[in-house]
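Read through the structure below, which is laid out as structure tokens, and then see the notes.
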Amino acid sequence: EVQVVESGGGTVQPGGSLRLSCVASGFTFSSYDMSWVRQAPGKGPEWVSAIKFDGYNTYYADSVKGRFTISRDNAKNTLYLQMNSLKPGDTALYYCARGRRPEVVFSTRNSWGQGTQVTVSS
């Protein structure tokens, strides 16, 4: 079955950095575009970033552009999100998911995994 396991979250001060990881299994990881999605308490999911299956093209929400970097290591079935200059508004549960376009990603909620919590607070 499709499975993803997110890790790397934590609590940091504004301006700090975190690197999230997502280890995938149950599908041919290198054949799929991948995304990061986040959801704050009481809010709907927000698409954050995406990367093409081969890592050639990357995409970012305006809210994180210039601060976050998505990458992948297909040999390790792993997706990454490097988050710099973190803001309180980045506080959310972060998930990885198959797909690139938000409307496609949001249709796959059952395979987003448990997520990893990112809290930005002083």
Side-chain angles (χ1 to χ4, degrees):
E1 64 182 89
V2 173
Q3 184 176 1
V4 294
V5 179
E6 298 95 343
S7 64
T11 301
V12 297
Q13 294 184 340
S17 297
L18 286 171
R19 185 164 115 129
L20 308 184
S21 298
C22 168
V23 179
S25 62
F27 65 100
T28 304
F29 179 76
S30 61
S31 296
Y32 285 83
D33 300 343
M34 296 292 294
S35 288
W36 286 97
V37 177
R38 66 188 184 187
Q39 188 165 18
K43 305 293 184 180
E46 178 188 11
W47 174 86
V48 173
S49 184
I51 186 167
K52 290 287 287 181
F53 68 96
D54 57 3
Y56 186 77
N57 296 115
T58 58
Y59 311 85
Y60 300 93
D62 288 342
S63 59
V64 307
K65 190 171 296 182
R67 301 187 298 119
F68 291 10
T69 303
I70 190 171
S71 62
R72 66 193 297 163
D73 187 340
N74 284 346
K76 297 180 178 179
N77 286 355
T78 302
L79 180 72
Y80 303 98
L81 186 68
Q82 178 67 48
M83 306 186 296
N84 299 327
S85 302
L86 283 162
K87 304 174 180 180
D90 297 319
T91 296
L93 190 62
Y94 283 70
Y95 303 93
C96 65
R98 300 201 296 186
R100 179 179 66 84
R101 296 163 55 226
E103 57 267 39
V104 173
V105 174
F106 293 160
S107 72
T108 68
R109 177 64 184 89
N110 288 341
S111 60
W112 287 5
Q114 297 296 111
T116 185
Q117 178 67 39
V118 171
T119 301
V120 185
S121 176
S122 59

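Not measured: the values here are computed from a predicted model.
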Report the C-alpha distance between Trp112 and Val4 in whole Å, list the side-chain angles of each, state the deciding distance to 0.1 Å, and finish with yes or no for side chain to side chain contact (heavy atoms under 4.5 Å, CB included).
CA-CA 7 Å; Trp112 287 5; Val4 294; 5.6 Å; no
Among residues two or more places apart or on two chains, list those pairs meeting salt bridge (charged side-chain N to carboxylate O under 4.0 Å, His left out) that have a residue in residues 48-58.
Asp33-Lys52
When hydrophobic residues are tied together by side-chain contacts of less than 4.5 Å, even through go-betweens, does Tyr32 share a cluster with Phe29?
yes
Is a side-chain donor or acceptor of Ser49 paired with a backbone partner of Tyr59 at a separation under 3.5 angstrom?
yes
Keeping to residues at least two apart or across chains, list the disulfide bond (SG atoms under 2.5 Å apart) pairs with something in residues 71-122.
Cys22-Cys96
Cluster overlap Val12 with Leu81, hydrophobic side-chain contacts below 4.5 Å
yes
Apply side chain to side chain contact (heavy atoms under 4.5 Å, CB included) to residues Val118 and Leu20 and explain how you reach the verdict.
CA-CA 9 Å; Val118 171; Leu20 308 184; 4.0 Å; yes
Heavy-atom pair with the smallest gap, counting every atom of Arg100 and Ala50
CG-CB, 3.6 Å
Return the OG to CZ distance between Ser107 and Arg109, rounded to the nearest 0.5 Å.
12.5 Å
Is the closest side-chain heavy-atom distance between Leu93 and Gln114 below 4.5 Å?
no
Taking all heavy atoms of Gly8 and all of Thr116, pick out the closest pair and write down the distance.
N-OG1, 3.8 Å
Which atom of Met83 lies closest to which atom of Leu86, heavy atoms considered
CB-CD2, 3.8 Å
Any non-hydrogen side-chain atom of Ser17 less than 4.5 Å from a side-chain atom of Gln82?
yes
Might you confirm whether atom CD of Gln13 has over 12 heavy atoms from other residues, nucleotides or ligands at distances under 6.0 Å?
no
Should the pair Arg101 and Phe106 be classed as cation-pi, given the thresholds of under 6.0 Å to the six-membered ring centre and 45° from the axis?
no
Keeping Ser35 on the side-chain end and Gly99 on the backbone end, is there a donor-acceptor pair under 3.5 Å?
yes
Nearest heavy-atom contact between Ser111 and Val2 is CB-CG1, 3.9 Å
Measure the shortest side-chain to side-chain distance between Arg67 and Tyr60 over non-hydrogen atoms and say whether it is less than 4.5 angstrom.
no
Would Asp73 and Thr78 count as a side-chain hydrogen bond (donor to acceptor under 3.5 Å, both in side chains) here? Give the steps.
CA-CA 5 Å; Asp73 187 340; Thr78 302; over 6 Å; no
Within this structure, what is the CH2-CZ distance for the pair Trp36 and Phe68, rounded to the nearest 0.5 Å?
11.0 Å
Ile51 versus Ser71, closest heavy-atom pair with distance:
CD1-CA, 3.7 Å
Gap separating the CG atom of Asn77 from the CD atom of Gln3, nearest 0.5 angstrom:
12.0 Å
Euclidean distance, Ser30 OG relative to Lys76 NZ, rounded to 0.5 Å:
15.5 Å
Just by distance, no angles: are the side chains of Glu46 and Ser63 close enough, under 3.5 Å, to form a donor-acceptor pair?
yes
Mark yes or no: Arg98 above the aromatic ring of Phe27, with NZ or CZ under 6.0 Å from the six-membered ring centre and no more than 45 degrees from the axis.
yes
So, does Gln39 use its side chain to make a donor-acceptor pair with the main chain of Lys43 at under 3.5 Å?
yes
Can you confirm whether Val37 sits close enough to Val48 that some side-chain heavy atom of one is under 4.5 Å from a side-chain heavy atom of the other?
no
For the student: nearest non-hydrogen atoms of Thr108 and Val104, plus distance:
CG2-O, 3.5 Å
Output, in order, the C-alpha distance, side-chain angles, deciding distance and verdict of side chain to side chain contact (heavy atoms under 4.5 Å, CB included) for Ile70 and Leu79.
CA-CA 8 Å; Ile70 190 171; Leu79 180 72; 4.0 Å; yes
If you draw the axis of the six-membered ring of Tyr80, does the NZ or CZ of Arg19 fall within 45° of it and under 6.0 Å from the ring centre?
yes
Determine, using the 4.5 Å side-chain heavy-atom cutoff (strictly less than), whether Leu18 and Val64 are members of one ILVMFWY cluster.
yes
Sequence neighbours excluded, which residues qualify as salt bridge (charged side-chain N to carboxylate O under 4.0 Å, His left out) partners of Lys65?
Asp62
Side chain to side chain contact (heavy atoms under 4.5 Å, CB included) between Tyr95 and Arg38, worked out:
CA-CA 6 Å; Tyr95 303 93; Arg38 66 188 184 187; over 6 Å; no
